[in-house]
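Working notes for the structure below.
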Amino acid sequence: MLDMKFIRENFEIVDQRLRTRGGSSYLEGFRELDEKRRTLMQANELLKAERNRVSDEIAKVKDKSLVQQQILDMRAMSQKIKEQDEELKQLDEELQGFLLTVPNLPDPTTPLGASENDNVQVRAWGEPRQLNFAAKPHWEIGESLGILDFERAAKLTGARFVIYRGAGARLERALINFMLDLHTGEHGYEELLPPFMVNRESMTGTGQLPKFEEDLFKLTDPEFFLIPTAEVPVTNMHRSEILKRGDLPISYTAYTPCFRREAGSYGKDTRGLIRQHQFNKVELVKFVHPSESAAELEKLTGNAEKVLQLLELPYRVMALCSGDIGFSAAKTYDLEVWLPGQSCFREISSCSSFGDFQARRASIRFREDDKAKPEFVHTINGSGLAVGRTLVAILENYQQSDGSVVIPQALRPYMGGLERISC
RNA sequence: GGAGAGAUGGCCGAGUAGGUCGAAGGCGCUCGCCUGCUAAGCGAGUAUACUGGGAAACCGGUAUCGAGGGUUCGAAUCCCUCUCUCUCCGCCA
């Protein structure tokens, strides 16, 4: 959420920067609504001040029969105040609802552009493997090795689900452990295992709601939402808290399954593991001091890259352009891994800084020192990595001409020493 | 699922026959004094949001004692609903 006062005082600049996301103005109607609210509010508070003053006077008088007239006057005034309160509440809700649907300001370092075609490659690591045989896509490899079963998963649940079997299930589990061990052991993150369902407030705190409800799986009675990413429970952990300066930066890593409706993506990536309704992810989340936010994004991105490097999977780092960054993000780096089976780079991690956008929504603050007023922290998060897509990358990059798949060196300890998956 | 207890400021904790309570007291913290170190002592200060004025320092208003409604001229205090926490019983991985 953007600061209402900031929008008011910098309207043109804010409007202009938001427009770099594409589409028309996001601030239509803001000024009128804001003006209306403040005008009413001033009138209303004037009445309340008067009521408080007279009520104090009444309190001082022992014999209430002497102040019958004032009591009657105040009765009428209270009625008026009540009506205004009602009207004001509506305006507040309207304004709040409005602000919740305004996306974050793109960071000045976010490249300008209209679509993913305008994203900028920042760096690349590793040489895309040249296989001396016809590379197969991962779903063919997975099915022929008997480690991925899409058909039976469709029977159990439906399209966009999978059953991992045998070495495949173990490989997924090995990746999760490998990533968590790396981030906790080498990169200084604290491991969390949060709830996989959260309430509406949490979804609003990180920006999924109110705008993107159709992307979520929702439970009723009680109303919970299945998390689309661990970012939601982990970021909301410190919702409505005031942290100490010395606590920052806070770094958490968490494995969770992620649940996404993938509404509007019908026809896209229908085959294989790339786009599932349920997938596993190890997430990295940081709460940082505003002055450290840029550096911490670089660090977190590097932490995610490290996973790919240790697995020896070639990738490139893309800076997303203003038209392609997410609703809550100010700046985003995507890590794209090379997939020989499909001859393309695919997103395997998305690392974003949010400035104080999420912190303001979720009211996550800190004090510079014990004397200082609370300020909003900055939040940063990224996948470290999407586990299913990592498995895809391994299958496609490590496939052999005989149909088997070699296990990357770094994972073998997690696979009980297994060096190769074959039929 | 059944029975009971509770939710107050950064923390602990008073306050329930409605008004002088944004809220005692303590701790913590900040500034100053004092003490040749440390500890102790003394004095002052120390919530947040919105909003009006001001370049700013700052000054004023309103709201907030789990959340939302109600009663009242006036509610932390009374009534209703909800959420959460704790204890006991049942059930359960």
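Just so it is clear, the structure is predicted and the values come from calculations on it, not from any experiment. Worth knowing before you read on, the calculation uses all heavy atoms, side chains too, and leaves out hydrogens, waters and symmetry mates.
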On the nucleotide B/rU30, are OP1 or OP2 found under 4.0 Å from the side-chain N or O atoms that A/Lys373 carries?
no
Check whether any side-chain N or O of A/Arg38 sits under 4.0 Å from OP1 or OP2 of B/rG52, and answer yes or no.
yes
Any A/Arg8 side-chain N or O less than 4.0 Å from OP1/OP2 of B/rU51
yes
At 4.0 Å (heavy atoms only), tell me whether A/Lys62 reaches a base, stays on the sugar-phosphate, or touches nothing.
nothing
What integer number of Å spans the C1' atoms of B/rA23 and B/rA76?
8 Å
Taking atom C1' in both B/rA17 and B/rU77, what distance in whole Å separates the two?
11 Å
Which class fits the ring pair A/His183 and A/His187: parallel under 30°, tilted 30 to 60°, perpendicular over 60°?
tilted
Whole-Å distance separating the CG atom of A/Asp247 from the P atom of B/rG10:
15 Å
If you only use heavy atoms from C-beta on, which nucleotide in B/rA63, B/rG52, B/rC73 is closest to the side chain of A/Lys48?
B/rA63
With C1' as the reference atom in both, quote the distance from B/rA49 to B/rG22 in angstrom, rounded to an integer.
14 Å
With rounding to the closest Å, how many angstrom separate the P atoms on B/rU83 and B/rC73?
32 Å
Please determine whether a side-chain nitrogen or oxygen atom of A/Lys89 lies at a distance below 4.0 Å from atom OP1 or OP2 of B/rG69.
yes
Spacing of A/Gln68 atom CD relative to B/rU72 atom C1', expressed in whole Å:
13 Å
Within this structure, what is the CD1-to-P distance between A/Ile71 and B/rG19, rounded to whole angstrom?
15 Å
Both distances below 3.5 Å, Watson-Crick or wobble geometry, any strand: find the nucleotide opposite B/rG41.
B/rC33
Distance, rounded to the nearest Å, where A/Ile81 contributes CD1 and B/rA75 contributes P
10 Å
Strictly under 6.0 Å, is that where the ring centroids of A/Phe366 and A/His238 end up?
no
Quickly work out the A/Met41 CE to B/rU62 P distance and round it to whole Å.
12 Å
Taking atom P in both B/rG45 and B/rU64, compute the distance separating them and give it to the nearest angstrom.
26 Å
Taking the ring centre of each residue, are A/Phe259 and A/His277 less than 6.0 Å apart?
no
Looking only at side-chain N and O atoms, does A/Asn52 come under 4.0 Å of OP1 or OP2 in B/rU62?
yes
Contact class for A/Lys244 vs. all strands (heavy atom < 4.0 Å): base, sugar-phosphate, or nothing?
nothing
Under 4.0 Å, heavy atoms only, any strand: does A/Lys60 hit a base, just the sugar-phosphate, or nothing?
nothing
Nearest-neighbour nucleotide for the A/Ser78 side chain, B/rU62, B/rU51, B/rC73 considered
B/rC73
Assess A/Arg19 against A/Tyr26: is NZ or CZ under 6.0 Å from the centre of the six-membered ring, and within 45 degrees of the ring's axis?
no
Round to a whole Å and report the spacing from CZ of A/Arg53 to P of B/rG60.
17 Å
Quick one: does A/Gln400's side chain have a donor or acceptor within less than 3.5 Å of a partner on A/Tyr398's backbone?
yes
Work out how far the C1' atom of B/rA24 is from that of B/rC82, and round it to whole angstrom.
31 Å
Euclidean distance for P, B/rC78 against B/rC86 (whole angstrom)
25 Å
Determine the interatomic distance between P on B/rG10 and the same-named atom on B/rU16; round to the nearest Å.
23 Å
The side chain of A/Met74 is closest to which nucleotide in this list: B/rC73, B/rG19, B/rG61?
B/rC73
How is A/Arg360 classified with respect to the nucleic acid when contacts are heavy atoms under 4.0 Å: base, sugar-phosphate, or nothing?
nothing
Just call it for A/Met4: base, sugar-phosphate, or nothing, with non-hydrogen atoms closer than 4.0 Å on any strand.
sugar-phosphate
Is A/Gln42 touching bases, backbone alone, or none of the nucleic acid, heavy atoms closer than 4.0 Å?
sugar-phosphate
For A/Gly355, is there any backbone N or O sitting under 3.5 Å from a side-chain donor or acceptor partner on A/Ser353?
no
Does A/Arg367 place a side-chain N or O at less than 4.0 Å from the phosphate oxygens OP1/OP2 of B/rA47?
no
Which nucleotide in the list B/rU48, B/rG19, B/rC73 gets nearest to the side chain of A/Arg365?
B/rU48
Is there side-chain contact between A/Pro106 and A/Ile325, with heavy atoms separated by less than 4.5 Å?
yes
Nucleotide nearest A/Arg51 (side chain, heavy atoms from C-beta), chosen from B/rU48, B/rG52, B/rA63
B/rA63
